[in-house]
Amino acid sequence: VTLPKTWEDWSESSAADPARSIGFPFTMRQPLGRDDQFVQAYPEWIMRAAHGEKGNEPYNLWTVDVGSGPEKGFVVNTFNERLNFVKAARQYPEFLDFLLLTPSRAVAEGTSPSKDQITLDLLVQSDAGRLWDDAHAALDEQDRIENVKSQLDLFLTRYGERGVRSLSKLILANVPSGETAWTFLQMLGESANLNTARARREVLAAALESKDAALRYAAATALGSFGGADAAEALRKRLIWEKNVSVRRMIEAELS
Amino acid sequence: VATVAWDIDLLRFSAFPPPSVAFAISPLWERVVGQAPAEVQERPQQGLRNEIGPFGQDTLVITQTLVRFDIIFGMSAEKAASLKDLISLGPYEEREKPFSTVVRKWLEIAPTVGRIAFAPNLIHGVSTQQEGYELLKQILPALPIDAKNSRDLFWQINRPRTSKVLKEVTINRLAKWQMLRREQIQVIPERGGMYTGGGQATYALKLDLDIYTEPFTPIPSESLQSLYSELVTAADELMKAGDVP
């Protein structure tokens with residue numbers, strides 16, 4: 001969990017996802033040393049955000065049952081108040097100063113990724129998409145598939161688990177699945193990249209629980225290629241629920 | 001144990017992808033609600049999509065990110081602003097079902113998930129602080145509450161149980177119990193001041209539940225509906241029986 005460092009960081013995340021970025025519902029308690037300012041400023045900002053600059057309309061707040069003085073706090077828990085809270089935070093940057101001084105875990109939850117992270121994610125997604133397209137185009141030609149395998153190894157070396165996660169989206173989202181997804185599962189099962197072994201196995205285990213029977217079949221085969229106790233455990237767990245005869249047979253074959 | 005008729009402050013259902021897996025983001029509202037959303041907010045670069053629209057008299061938000069999916073049932077700003085008394089979405093007994101219908105429609109089309117959670121935030125109005133603590137004394141029998149001389153109660157505890165649907169899964173039953181006081185605060189910004197006591201204070205019990213599965217591992221799709229029912233049943237029991245191990 002990373003605390004937002006600047007107003008811009010926090011504003012970005014809350015604008016995109018107000019409910020999660022500040023972890024509602026949460027309780028704000030008055031920061032020590034700024035008692036009067038906080039008690040007065042908090043409802044004022046909320047009220048202004050809700051009603052504009054009309055100024056003197058009464059505003060209803062839930063207050064925590066903690067008496068008064070430095071222990072005074074507010075519960076931000078209604079949908080309405082959440083929206084107003086975000087509006088207030090956007091309009092009054094000093095509001096954030098109070099929040100950052102408040103030892104509230106809620107403020108720290110779910111902040112948006114940094115620009116560097118977004119840039120890297122976009123690069124990984126772009127490369128994953130290119131790899132996917134190459135594999136799709138190469139399905140009927142063994143030589144080209146070997147080339148895609150080499151590309152996948154480079155991709156995994158370069159991006160590690162982040163790369164596996166990016167591929168997982170392509171594999172699991174394209175339902176009903178096709179030969180490209182099955183090929184990727186097989187390649188993930190056979191890859192020798194040690195740094196991504198756990199992540200690759202986890203993606204195969206997730207595919208084994210897909211609603212798509214063909215994807216489960218391919219995942220069972222790939223987990224067999226992957227080997228090891230954890231892969232076998234995933235296969236055994238699936239066998240309890242599996243109704244599709246072909247998939248069952250494949251799992252049993254891989255376990256035998 | 002006293003029977004408390006809980007009202008809804010907020011309902012949330014959440015799902016998380018299994019480890020090392022990312023969710024794909026796509027339009028969902030229409031598929032699970034049956035009509036187009038009123039508003040769509042999308043940030044493709046960040047991998048975020050919010051679909052928002054009316055749900056009965058209130059609001060439903062479907063939020064998708066690469067690592068989390070939420071359906072949130074809350075109050076529209078307009079309705080909340082118009083209410084004078086206790087702000088709630090109405091009785092849990094009545095309003096949970098349409099929400100769960102939407103959740104179940106999503107579960108039918110859901111990708112592989114690693115964890116699901118049902119998190120109702122509930123509220124129950126009482127006349128006085130003492131009445132509230134009398135009720136808390138009954139629904140939190142393990143606590144030494146003196147109803148006349150107790151304040152500032154906040155009781156948070158997880159009472160995990162083994163799932164009956166999936167033996168290897170634990171159902172975490174996290175509950176936060178507290179007492180709230182609502183009072184009108186009159187603010188006069190140009191004078192930089194705030195005055196309380198503009199109206200009579202009202203009181204409410206608050207119960208925030210977070211019922212979620214553990215460990216974080218792929219959940220068989222065939223078990224999702226039953227597992228969700230188990231989460232709802234666990235929430236019902238906490239609401240009805242109070243804090244019982």
Side-chain angles (χ1 to χ4, degrees), chain A residues 16-17 19-20 24-25 39-40 43-44 47-48 50 53 55-67 71 75 77-84 112-113 118 121-122 161 164-166 168-170 172-173 175 198-200 202-203 205-211 234 237-238 240-241 243, chain B residues 9-10 17-24 26 41 43 45-48 50 59 61 63 65-66 68 70 72 74-77 79-81 87 111-112 114 121 129 151-153 168 178-190 192-194 198-199 206 208 217-223:
Chain A
D17 185 8
R20 190 172 318 107
F24 288 104
V39 168
Q40 290 178 15
E44 179 184 330
M47 190 205 66
R48 280 188 178 173
E53 297 293 335
N56 57 0
E57 293 183 13
Y59 185 75
N60 289 325
L61 281 177
W62 284 101
T63 59
V64 191
D65 179 29
V66 289
E71 286 295 306
V75 177
N77 68 347
T78 68
F79 203 72
N80 183 38
E81 232 178 294
R82 269 161 244 191
L83 297 176
N84 291 335
S112 63
I118 291 174
D121 281 341
L122 289 173
E161 294 186 352
V164 177
R165 188 184 292 269
S166 199
S168 77
K169 200 170 59 163
L170 296 169
L172 294 167
V175 174
R198 183 181 54 82
R200 287 185 288 111
E202 287 172 342
V203 170
L208 191 65
E209 299 295 350
S210 165
K211 291 186 170 79
K237 274 172 64 182
R238 181 62 216 160
I240 296 168
W241 292 88
K243 297 281 193 294
Chain B
D9 174 41
L10 183 100
S20 301
V21 171
F23 279 151
S26 63
Q41 302 164 348
R43 294 192 172 198
Q45 287 197 342
Q46 286 186 18
L48 179 119
N50 292 334
T59 300
V61 182
T63 299
T65 70
L66 300 175
R68 182 170 170 154
D70 292 292
I72 301 168
M75 185 175 286
S76 70
K79 186 176 173 185
I87 295 176
T112 308
N121 294 345
Q129 199 145 16
R151 296 287 185 275
D152 306 351
L153 179 94
E168 69 275 20
Q178 59 185 318
M179 176 89 187
L180 294 181
R181 179 181 68 240
R182 187 193 196 211
E183 64 180 304
Q184 197 171 58
I185 297 175
Q186 192 162 34
V187 185
I188 305 175
E190 55 267 31
M194 174 188 81
K206 191 162 191 334
D208 295 337
T217 185
I219 298 174
S221 56
E222 296 89 343
S223 69

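FYI, side chains are in, hydrogens and waters are out, and symmetry mates aren't considered; it's all heavy atoms of this structure. Just so it is clear: chains get the letters A, B, ... in the order the sequence lines come, proteins before strands, and each one is counted from 1.
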Between CZ on residue A/Arg165 and CG on residue B/Leu66, distance to nearest 0.5 Å: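 Going from CZ on A/Arg165 over to CG on B/Leu66, the span is 8.5 Å.
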Pick whichever of A/Ala234, A/Ala199, A/Ser166 has the most heavy-atom pairs under 4.5 Å with chain B.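 Looking at each option in turn, the highest pair count goes to A/Ala199.
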Select, from A/Arg198, A/Glu161, A/Glu202, A/Lys237, the one with the greatest count of heavy-atom pairs under 4.5 Å involving chain B.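 The residue among A/Arg198, A/Glu161, A/Glu202, A/Lys237 with the greatest pair count is A/Glu202.
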Can you tell me which portion of B/Thr217 sits under 4.5 Å from chain A's heavy atoms? Options are side chain, backbone, both or neither.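 For B/Thr217, the side chain is the part near chain A, not the backbone.
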So, for [X] and [Y], which heavy atoms are closest and what is the spacing to 0.1 Å?
{"X": "A/Ser210", "Y": "B/Ser221", "value": "O-OG, 4.3 Å"}
{"X": "B/Glu222", "Y": "A/Trp241", "value": "CB-CE3, 3.5 Å"}
{"X": "A/Glu209", "Y": "B/Pro220", "value": "OE1-CA, 3.1 Å"}

Main-chain N/O of A/Ala207 paired with B/Thr112 side-chain donor or acceptor, under 3.5 Å: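 Answer holds: no.
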All salt bridge (Lys or Arg N to Asp or Glu O under 4.0 Å) counterparts of B/Glu168, not counting sequence neighbours: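 Testing B/Glu168 for salt bridge (Lys or Arg N to Asp or Glu O under 4.0 Å), a comparison that skips the adjacent residues, returns none.
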Under the rule for side chain to side chain donor-acceptor pair (under 3.5 Å), what residues qualify as partners of A/Arg200, not counting sequence neighbours?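 Residues passing side chain to side chain donor-acceptor pair (under 3.5 Å) with A/Arg200: A/Thr196.
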Please determine, among B/Gly114, B/Pro18, B/Pro19, the option with the most heavy-atom pairs under 4.5 Å with chain A.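 Result: the option with the highest number of such pairs is B/Pro19.
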